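This report concerns only the one structure given below.
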Amino acid sequence: MDLMTHSSRFLLPDFPADNGSSQFYALVLLNQRIPRFTPLLWNHARLRVCADGGANRLYDELPQLFPDEQALAIRKRYKPDIIKGDMDSIRAEVLEFYTNLGTNTIDACHDQDTTDFHKCVAYICGLPNLENHNLCILVAGALGGRFDHEAGNTNVLCFFSTTRIILLSDDCLIQLLPSSHHHEIYIQSSVEGPHCGLIPIGIPSRSTTTTGLQWDLTDTEMRFGGLISTSNIVKGEIVTVRSDSDLLWTISIKKA
Ligand SMILES: Nc1ncnc2c1ncn2[C@@H]1O[C@H](COP(=O)(O)OP(=O)(O)OP(=O)(O)O)[C@@H](O)[C@H]1O
Ligand SMILES: Cc1ncc(C[n+]2csc(CCO)c2C)c(N)n1
């Protein structure tokens, strides 16, 4: 079984924007409070997409992160490449502002069966010329507020299980660890941890084995209605995970 490695280097303030790695970061902004480190993610991303009302968050909340600068100057500096969704949440003035700046908008109001976030990920995954890149989609504003949205966002991780997608809020990070691989997670202890969780999603895990946690699992069964690993603690610099089913990995993000 192949190894997949993971690192939240994109949260490090001194991780260079032109980081020389083969990773192609895309950023998706959702319609929930944007994390304070969003400008950092923005600088790493080579494609920036707003999911419908996510554009309102960019317009309203990004200038608040730069209180000493003119809101208009910040809005012009942080121009999304694409706004995609069913366009029922983006305000008219916001749509007009970014359209005038040259942002492409893709109206997908005919599809009321997938979320705006799902539509954005499908769009990114369908872009030509990405096959040779190691795509990683960073998602800002994925948690907090409505649980149906949080569940829908988590479902997108499962739907696109072969794509690296990382849900982010001010407080935590969530990603899928597919069972097709075993995993090494390099902990960036200056910005994340120690609280973490491993959660079976979709189906129970008959066997999960970890190293690097305070409460390691050893060929352990996990299922909703039985044991799932919450309030665990990262102990080492590397956490390893092997499981017979897909798991969610979640880790706390430290306050600055
Ligand atoms: N409270 C929230 N928590 C987490 N994610 C959210 C929340 N609100 C919206 N999102 C995410 O942002 C995306 C865009 O939000 P937007 O409000 O435009 O969606 P919507 O389809 O209009 O929602 P609604 O269900 O209210 O009609 C959603 O697809 C969802 O992924
Ligand atoms: C079983 C079922 N439940 C809910 C919806 C509604 N829905 C799901 S995604 C979406 C688009 C949101 O922008 C909407 C309206 C549906 N279609 N099917």
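Values below: all heavy atoms of this structure, side chains included; hydrogens, waters and symmetry mates excluded. Remember, it's 1-based here, ligands and their atoms both numbered in the order they're listed. Quantities reported herein were computed from a predicted structural model and do not represent experimental measurements.
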Between [options], flag the one that comes closest to [atom] by a heavy atom.
atom                    : options               : value
atom 3 (N) of ligand 1  : A55, C50, G141, G144  : G144
atom 19 (O) of ligand 1 : V139, D52, T114, D116 : D116
atom 31 (O) of ligand 1 : T115, N153, L167      : N153
atom 8 (C) of ligand 2  : Q112, K119, M87       : Q112

Could you list the atoms of ligand 1 found under 4.0 angstrom from a heavy atom of [X]?
X    : result
D88  : 22 (O)
G53  : 18 (O)
A51  : 14 (C)
A142 : 4 (C), 5 (N)

Could you see if V239 belongs to whatever hydrophobic cluster contains Y186? Use Ile, Leu, Val, Met, Phe, Trp, Tyr and a side-chain cutoff under 4.5 Å.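 Result: no, two separate clusters.
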
In the single-linkage hydrophobic clustering (I, L, V, M, F, W, Y; side-chain heavy atoms under 4.5 Å), do F147 and L30 co-cluster?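 No: no chain of side-chain contacts under 4.5 Å links F147 to L30.
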
Per-atom contacts, ligand 2 versus D116 - under 4.0 Å to a heavy atom: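 It comes down to these atoms of ligand 2: 13 (O).
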
Are K84 and D107 ion-paired here, with the side-chain N under 4.0 Å from a carboxylate O?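 D107 and K84: not salt-bridged.
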
For the OG1 atom of T210 and the CG atom of L198, what is their distance to the nearest 0.5 Å?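 Atom-to-atom, T210:OG1 and L198:CG are 6.5 Å apart.
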
Would F117 count as a polar contact of ligand 1, with the cut-off being nitrogen or oxygen pairs under 3.5 Å?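 Between F117 and ligand 1 (N or O atoms, distance only) the closest approach is under 3.5 Å.
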
Is the contact between L30 and ligand 1 made by the side chain, the backbone, both, or neither, using heavy atoms and a 4.0 Å cut-off?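 Near ligand 1, L30 shows its backbone as well as its side chain.
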
Part of Q32 within contact of ligand 1 (heavy atoms, under 4.0 Å):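 Within the 4.0 Å criterion, Q32 contacts ligand 1 through side-chain atoms alone.
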
Would you please say whether a donor-acceptor pair under 3.5 Å links the side chains of [X] and [Y]?
X    : Y    : result
T211 : D216 : no
T209 : D219 : no
E237 : S189 : no
H6   : Q175 : yes

Among all protein heavy atoms in this structure, tell me which lies nearest to [atom], with the distance rounded to 0.1 Å.
atom                    : answer
atom 11 (C) of ligand 2 : T114 O, 3.4 Å
atom 17 (O) of ligand 1 : N31 ND2, 2.9 Å
atom 22 (O) of ligand 1 : S89 OG, 2.6 Å
atom 26 (O) of ligand 1 : R146 NH1, 2.9 Å
atom 12 (C) of ligand 2 : D86 OD2, 3.8 Å
atom 18 (N) of ligand 2 : D113 OD1, 4.3 Å

Please confirm whether the backbone N or O of D116 pairs with a side-chain atom of D52, one donor and one acceptor, at under 3.5 Å?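 No; zero donor-acceptor contacts below 3.5 Å.
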
For the pair K119 (side chain) and T114 (backbone), establish whether a donor and an acceptor sit closer than 3.5 Å, ignoring hydrogens and angles.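 Checking the backbone N and O of T114 against the side chain of K119, a donor-acceptor pair under 3.5 Å is found.
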
Once the angle between the rings of Y59 and Y98 is folded into 0 to 90°, is it parallel (under 30°), tilted (30 to 60°) or perpendicular (over 60°)?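 Aromatic pair Y59/Y98 classed perpendicular.
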
Report the residue from S179, S229, S243 that forms a side chain to side chain donor-acceptor pair (under 3.5 Å) with T208.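 One option only clears the test, and that one is S243.
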
Is the closest protein non-hydrogen atom to atom 4 (C) of ligand 2 under 4.0 Å?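 Under 4.0 Å from atom 4 (C) of ligand 2, zero protein heavy atoms found.
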
Any non-hydrogen protein atom less than 4.0 Å away from atom 14 (C) of ligand 2: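 Given the 4.0 Å cut-off, atom 14 (C) of ligand 2 counts as touching protein heavy atoms.
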
